[in-house]
Amino acid sequence: MKKPLYVLDAFAIIFRSYYAFINNPLRGTDDKNVSAVYGFFSTLYKIFSTYKPEYFAVLLESRTPTFRHEMYEEYKANRARAPEELIEQVPVILEILKALKIPMVQADGYEADDLMGTYARLCEEEGRDCRIISGDKDILQLVSERVHVLKPEKGGLYTDMGPEKVLNTWGLRADQIIDYLSLVGDAADNIPGVKGIGAKGAVKLLNEFDTLEGLYENIDTITAKAQKQNLIDGKENAFFSRQLVIIKQDCPCEEDIEKLAAGEPDYGAAVPILQRIGLKRLAEESAAKAGEEVVVPEEKSAAKAGNYCGVVSAEHLDKWIERAKEAGIFAFDCETDSLDSVSANPVGFSLSVQSEEACYIPVRAPELDCIPEDVIREKLKVILEDENIKIIGQNFKYDMKVLKQWGIYPQGFFFDTMIAAWMIDSSTPSNMDYLAEQYLGYKTVHFADIVEKGKTFDTVPIQKAAHYAAEDADITFRLYEILSVKLKELGMEKIFSQVDMPFVDILSNMELAGIHIDDGELAEYSVELEEKLEALEKEIYYLCGREFNIKSTKQLQEVLFEERKLTPIKKTKTGYSTDTAVLQELAKEDPVPEKILAHRGLAKLKSTYVDALPRYINEDTGKIHTHFIQTGTETGRISSKDPNLQNIPVRDENGRRIRAAFKASPGHVFVSADYSQIELVVLAHLSGDKALTEAFISGEDVHGRTAALIFHVEPEAVTKEQRRIAKVINFGVMYGMSAFRLSNELSIPRGEASSFIKSYFEQYSGIKDFIDKTIEKAEETELAETLFGRIRHIRMINSRNKMEKKAAERIAVNSRIQGTAADIVKMGMIRLAGELKKRQLKSKILLQVHDECILEVPDGEVEIIKPLMKEALEGAAELSVPLRVSVESATSWGEIH
DNA sequence: GCCAGGACGTAC
DNA sequence: GACGTACGTCCTGGCC
């Protein structure tokens, strides 16, 4: 069998790459723009590593006007001439292509599209598959069983567009694309089309009449008057447009495909050119691909330590401050005497204004006179508090907290390498040691290697300290250079800079603020719980006839399933399960399980919350300062730890007493704002489902409306039971719940559960489509994307293991919903924080619990804050269904909800 | 005595 | 096997 031919439209990729970086171009030697070179060869390399083509050609545009220009002088007349910065890059690209020994084809008088058409035909004729790499919809007209288009997606992956895929995506056969374009036209190429006929209209017409000829032969059957007239008026334009959009298949060009044998590109030959123009990373990548025989002088240097110095005189410090000002950008890192940022004091700072160079400014060091603390503070302020000087950090929330407490309020923070790395791939670690290894191939000095156990950074000799600290700033700068490019490539520049970066400042303030808790109240509750637990233990031991550790599932299994001979219900990896569902079931035939359940519940409260929370009270502030981790989830949510304040009980009365111990400071109240059903609202928007949208717009009670729909009853006639079922399904859908699980959850037969789900998707067919489309897109791109462009890699989506695949599908669907909701909440909080600052209010944001945001508000501000919060959060995004936020206030957290 | 992994349970 | 996202606690068993 003949190996497939791959063809690539060079200028399409060049343009795309250039404009992908238009807001922040890549600069190489002499500050020249190299975005297009970088983008083009990243794409090319990716294609070679993914598809390993044996036959390959880069197709170039004609150097002279084409037959289309001769036919129609307005052709592409609307196009502005390409910018000089882009044109300059073309010769370099051709030079590199030549060095790589990649076959190139050009035919004067014809466009690259026509060359594609010609090769598509040649391949068809000799029974060879053809793959065309192009994002242009015009090219789809060439698609056939043998000829597929590979459409570039985010993250360097491609959608394989075969005949079926074209039909599914466009609602048209590939051979109808020509007629479609003839009707719709193309403003960019100045192709007229038929006035008044848009994309939807054209698809509908072609579905009905099949072809342009069919349409005009039966024009009298069209009932819509205006449309009919438009078509009659536009007939000439339509057929004229067709001549322009139709791709030629008979260019004069190399017809012997065997001559387009590509083999492995000569990567080594590209290295010197790439180095000359200053594309270091690509040069390194090329060298690596070429294998070891190519020695790149700079390759080693990328992984070597930079030039680091200690700064102990005011004059020396001034020089660095000046350098940072000049550069307008610098990487910054704090060393402190504690990991606990609330009580940490600075021990030193490091700065880097370009990669491989950094300094360390000690504030305290053994056996050394440092620059006085106040002098360092005043000088650093100049660059840290200037909003026009960009600050790069790694986990900058930490530095931000230390600095604020030290009297510096950073203004120009704009890039966190840890958060960037997490957004690029949330499933891999984002600590600096890992990132340095991963992205730079650099092994950093580890903290534990220079600081003796139990000691702090201010005890480290200055030589070692300076090297370690300066390296951190240097590595941070180097990571920035790489990660900023990757972020752009994935289309996340906007959400990164407009959402996740501003959010760092907000989280740092929330953590510094802390929340008050009444430990006396908890101490009393602890005693109460202890008494109840002891009583339960006694009862359990009496009933079982012996003592054992109730908290040990292993011992509990022995008691329940061996001694008491109860029937095991489900297994775990290590034995029989004793979880809540099992114990509830067992309680029907034995008195012990119920006691165990009660014991478990109270023991959990006591150990996880009642006894644990007071230990987190900070000695200095008297408050609990949780840590919010912005990189803690794979979906874009934040997490909370030490302690986790996002899972404080709320559902039952016992648990609520814990919330009740969280008190607003004297003279303050908590004001809490809660997004109503945010994930279902997001689902309604993302899916565009008519019925769900309607349910939200017309009524408060979306579960009731859902019940009415799936049970075919009037909304007023919905029973409680029906509503409960609808609610379970509403949530279940977002998690990809199966009929099996639903039947368990509702204690109904599997068949009944299936029919509920079936009925649900019949009524909410838009949701079904949304799920299908999400999965399909994930299969093509291995990504799930939120409404605002945050991505998550879905690596198992094409797994041959059915279970893994199903799990990946659920993850893909849920991530889009959960992630979009998380984006919205973050955006709302940014708006809110902005308002608080603008109005100089004293209210502080304390907590965020995914769809809820809690503020501590001085009594005098309550009436201003309530409407302000509602407005700020509801206006976070403009969706097809309005976002609703409810606001409540109270002096303890327990009174809210 | 330390640590990793499992089971379980809390939140959204 | 069968519901997504987290974190904390306790127990167990392996290791030093």
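Side chains included, hydrogens not; waters and symmetry mates left out as well; all remaining heavy atoms used. Since the model is a prediction, treat every value here as computed from it, not as a measurement. Letters A, B, ... are given to chains in the order of the sequence lines, protein chains preceding strands, and every chain is numbered from 1.
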Cut-off 3.5 Å, no hydrogens considered: what does the side-chain donor-acceptor table look like for residues 670-677 of chain A, sequence neighbours left out?
{"unit_1": "A/S672", "atom_1": "OG", "unit_2": "A/E852", "atom_2": "OE2", "d": "3.1"}
{"unit_1": "A/Y675", "atom_1": "OH", "unit_2": "A/L873", "atom_2": "O", "d": "2.6"}
{"unit_1": "A/Q677", "atom_1": "NE2", "unit_2": "A/H703", "atom_2": "NE2", "d": "3.3"}

**Asked** Where the side chain of A/T428 meets the backbone of A/D425, is there a donor-acceptor pair that is under 3.5 Å apart?
**Response** yes

**Asked** Of all nucleotides in DNA chain B with an atom under 4.0 Å from a non-hydrogen atom of chain A, which is the first and which the last going 5' to 3'?
**Response** B/dG6 to B/dC12

**Request:** Have a look at A/E745 and say if it touches a base, only the backbone sugar-phosphate, or nothing, with a 4.0 Å heavy-atom cut-off.
**Result:** base

**Asked** What is the distance, rounded to the nearest whole Å, between atom CD1 of A/I648 and atom P of C/dA6?
**Response** 19 Å

**Request:** Could you check whether A/R600 gets within reach of a base, just the sugar-phosphate, or nothing at all, counting any heavy atom under 4.0 Å?
**Result:** sugar-phosphate

Please write out each protein N/O paired with an N/O of nucleotides 14-16 of chain C under 3.5 Å, distance rounded to 0.1 Å.
none

**Prompt:** Which residues, if any, of residues 791-818 of chain A bring a heavy atom under 4.0 Å of DNA chain B?
**Reply:** none

Quick one: which protein N/O atoms are closer than 3.5 Å to N/O atoms of nucleotides 9-11 of chain C? Pair and distance per line, please.
{"unit_1": "C/dT9", "atom_1": "O3'", "unit_2": "A/S607", "atom_2": "OG", "d": "3.4"}
{"unit_1": "C/dC11", "atom_1": "OP1", "unit_2": "A/N549", "atom_2": "ND2", "d": "2.7"}
{"unit_1": "C/dC11", "atom_1": "O3'", "unit_2": "A/S552", "atom_2": "OG", "d": "3.3"}

**Message:** Does any part of the side chain of A/K805, heavy atoms only, come nearer than 4.5 Å to the side chain of A/M796, both counted from C-beta?
**Reply:** no

**Secondary-structure stems, DNA chain C, at least 3 Watson-Crick or G-U base pairs under 3.5 Å** = B:1-12 with C:4-15

**Message:** Over all strands shown, is A/G732 touching base, sugar-phosphate only, or nothing at heavy-atom distances under 4.0 angstrom?
**Reply:** nothing

**Request:** Would you kindly give the CG-to-P distance between A/L605 and C/dG8, to the nearest whole Å?
**Result:** 17 Å

